[in-house]
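What follows is a short report on a single structure.
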Amino acid sequence: MDEARAREVLDGAGLPAGEAELLALGENAVFAVGDLVAKVGRDAELLGRAERELALAAWLAEAGVPAVRAAEEKPRLVAGHPVTLWHRLPPAVRAPEPRDLAPLLRRVHALPEPEGFALPRRELLGGVERWLRLAGDAIDPADAAFLRERRDSFAPAAAALTPRLAPGPIHGDALPRNVHVGPDGPVLVDLETFSSDLREHDLVVLALSRDRYGLDPAAYDAFTEAYGWDVREWEGCAVLRGARETASCAWVAQHAPSNPKALAEFERRVASLRDGDPEVRWYPF
C-alpha cells in the first residue's frame, strides 16, 4: 500500500484526505487529520489486530494508564483496509528518555489480564524463518543455518525460564521512541506489540540497547532506578537477550537483497554472535 492508495481509503472513510498529513508509512499509513490521527491498515488481515489495539486503548484508559486514546471504539473497514481513529496528542515538550519509560512499564506490569479479549504471547523468534527466507541468496547459507540453530536452541530455553516478576501484560517494544512526553507528562504510544508474557521481555530491550546500540549507561541506570530493578541481575536475562539478538539479526537479513548497508550490518551482527562478544556495537543501516 502506497500513500496514494491510503489517501483513497481515507477519502472512502469520509475523512478529508487532501488535508491529511502523512506521519508514517509501513504496515499502517498514519495520517494527522485535524485533531485526529488516522491509521490505515495495509490489508484486511490486519483487522483483528486493529480491533485488539482499540480494545487495549479502552482497557488502558479504564486502568488509568497514560496512553494514546482511541476516538472510535471500532475500526472501520474501507475497501479492504481497516481504519482506526485516535485522539491526536499535543506537541511534545521534549524528547523521551529511558527514565520516562520506567513508570509507564511499572503501571502496565501491575495490571492483571484484560477481560473480554486475549493478548497474544510475545513471539520474539516467530519471524526468523520468514526473514531468512526473504534474504534468500543474498546472505551466506552458513549464516542462515547458524541463526536457525540459535533460534532452535533459544526457543525452548526461553520457554523454560523461571521469571523473577509475575507474568502478564507487557508493552512488547519497550523503547523510549514509544513514549510521547507532552505537557501532562509521558504517554505510551504504539500499542500494536502489547502481549502477555514474561515481564522481563520489556526490560531486556533496554539492557540490550545499552550493550549493543550505544545507549548511555547513565541513562540505563536512571531507567533501572526509576523501575526499581535491573533485569541483568536475573539469571534468565542472557536467554531472553540471546533470543532477541537472534531475531534482530534475522530481521536485518530480509533487507540484504536490496540494501548493501543492511548486508554489511547483518554480517557484523552474525560475526559478533559467532565470536560470543556481547559488546560489539550494532548500528541502524
N/O donor to acceptor pairs below 3.5 angstrom from side-chain atoms of residues 250-257, sequence neighbours left out:
residue	atom	partner	partner atom	Å
Q254	NE2	W251	O	3.2

Should the pair Y227 and F223 be assigned to parallel (<30°), tilted (30 to 60°) or perpendicular (>60°) ring geometry?
parallel
Expected output: side-chain H171 to main-chain V189 donor-acceptor under 3.5 Å
yes
Any donor-acceptor N/O pair, D197 side chain to R122 backbone, under 3.5 Å
yes
Flag yes if V108 and V231 sit in one hydrophobic cluster, no otherwise; membership is Ile, Leu, Val, Met, Phe, Trp, Tyr, and two members link when side-chain heavy atoms are under 4.5 Å apart.
yes
Only pairs at least two apart or in different chains count here, so list each side-chain hydrogen bond (donor to acceptor under 3.5 Å, both in side chains) that has a residue in residues 131-143.
D143-R274
Check the surroundings of atom CD in E115: do more than 12 heavy atoms from other residues, nucleotides or ligands lie under 6.0 Å from it?
no
Looking at side-chain heavy atoms only, is the closest gap between T246 and F146 below 4.5 Å?
no
Hey, are the side chains of E245 and R212 touching, using non-hydrogen atoms and a 4.5 Å cut-off?
yes
Same apolar cluster: F31 and V9, side chain cutoff 4.5 Å:
yes
Are any of the side-chain heavy atoms of R232 and R210 separated by less than 4.5 Å?
yes
Would you indicate whether the side-chain heavy atoms of Y220 and T224 approach each other to under 4.5 Å?
yes
Salt bridge or not for R94 and D100, using N-O below 4.0 Å?
yes
Please evaluate residues I170 and S196 with respect to the criterion side chain to side chain contact (heavy atoms under 4.5 Å, CB included), reporting the C-alpha separation (whole Å), side-chain torsions for both, the decisive distance (0.1 Å), and the verdict.
CA-CA 6 Å; I170 60 175; S196 181; over 6 Å; no
Can you run down the side-chain hydrogen bond (donor to acceptor under 3.5 Å, both in side chains) pairs that involve residues 151-163, sequence neighbours left out, and say none if there aren't any?
E129-R151
E267: which residues meet the side chain to side chain donor-acceptor pair (under 3.5 Å) condition with it, sequence neighbours left out?
none
If we count only N and O atoms by modelled type, under 3.5 Å, do the side chains of D43 and H81 hold a donor and an acceptor together?
no
Please table the atom pairs, donor to acceptor, closer than 3.5 Å between any side-chain atom in residues 56-68 and protein atoms at least two apart or in another chain.
none

Quick one, L85 and V33 - any side-chain contact, counting heavy atoms below 4.5 Å?
no
Looking only at heavy atoms, the pair that brings E113 and P169 closest together is OE2-CD, 4.1 Å
For E192, is there an ion pair with K39 - N to carboxylate O distance below 4.0 angstrom?
yes
Are any of the side-chain nitrogens in R281 or D211 under 4.0 Å away from the carboxylate oxygens of its partner?
no
Between R88 and D35 (salt bridge meaning N to carboxylate O under 4.0 Å), is one present in this structure?
no
Does any non-hydrogen side-chain atom of H87 lie less than 4.5 Å from one of V37?
no
Please determine whether residues L206 and Y283 belong to a single hydrophobic cluster, defined as Ile, Leu, Val, Met, Phe, Trp and Tyr linked transitively by side-chain heavy-atom distances below 4.5 Å.
no
P75 and T84, any side-chain heavy atoms less than 4.5 Å apart:
yes
Contact between L240 and F154 at the side-chain level, heavy atoms closer than 4.5 Å - yes or no?
no
Let me check something: do L10 and L54 share a hydrophobic cluster, defined by ILVMFWY side-chain heavy atoms less than 4.5 Å apart, either directly or through other members?
no
State whether a side-chain donor-acceptor pair under 3.5 Å links E265 with N259.
no
Which pairs, with at least one residue in residues 66-75 and sequence neighbours excluded, count as a side-chain hydrogen bond (donor to acceptor under 3.5 Å, both in side chains)?
E72-R76
Measure across A144 and L132 and return the closest heavy-atom pair with its distance rounded to 0.1 Å.
O-CD1, 3.8 Å
Run the side chain to side chain contact (heavy atoms under 4.5 Å, CB included) test on L101 and L175 for me, step by step, so that the C-alpha distance in whole Å, both residues' side-chain angles and the decisive distance to 0.1 Å come before the verdict.
CA-CA 7 Å; L101 180 60; L175 287 165; 5.5 Å; no
Would a distance-only check, ignoring hydrogens and angles, find a side-chain to backbone donor-acceptor pair under 3.5 Å from E97 to A219?
no
Grouping I, L, V, M, F, W and Y whenever their side-chain heavy atoms are under 4.5 Å apart, do V179 and L23 come out in a common cluster?
yes
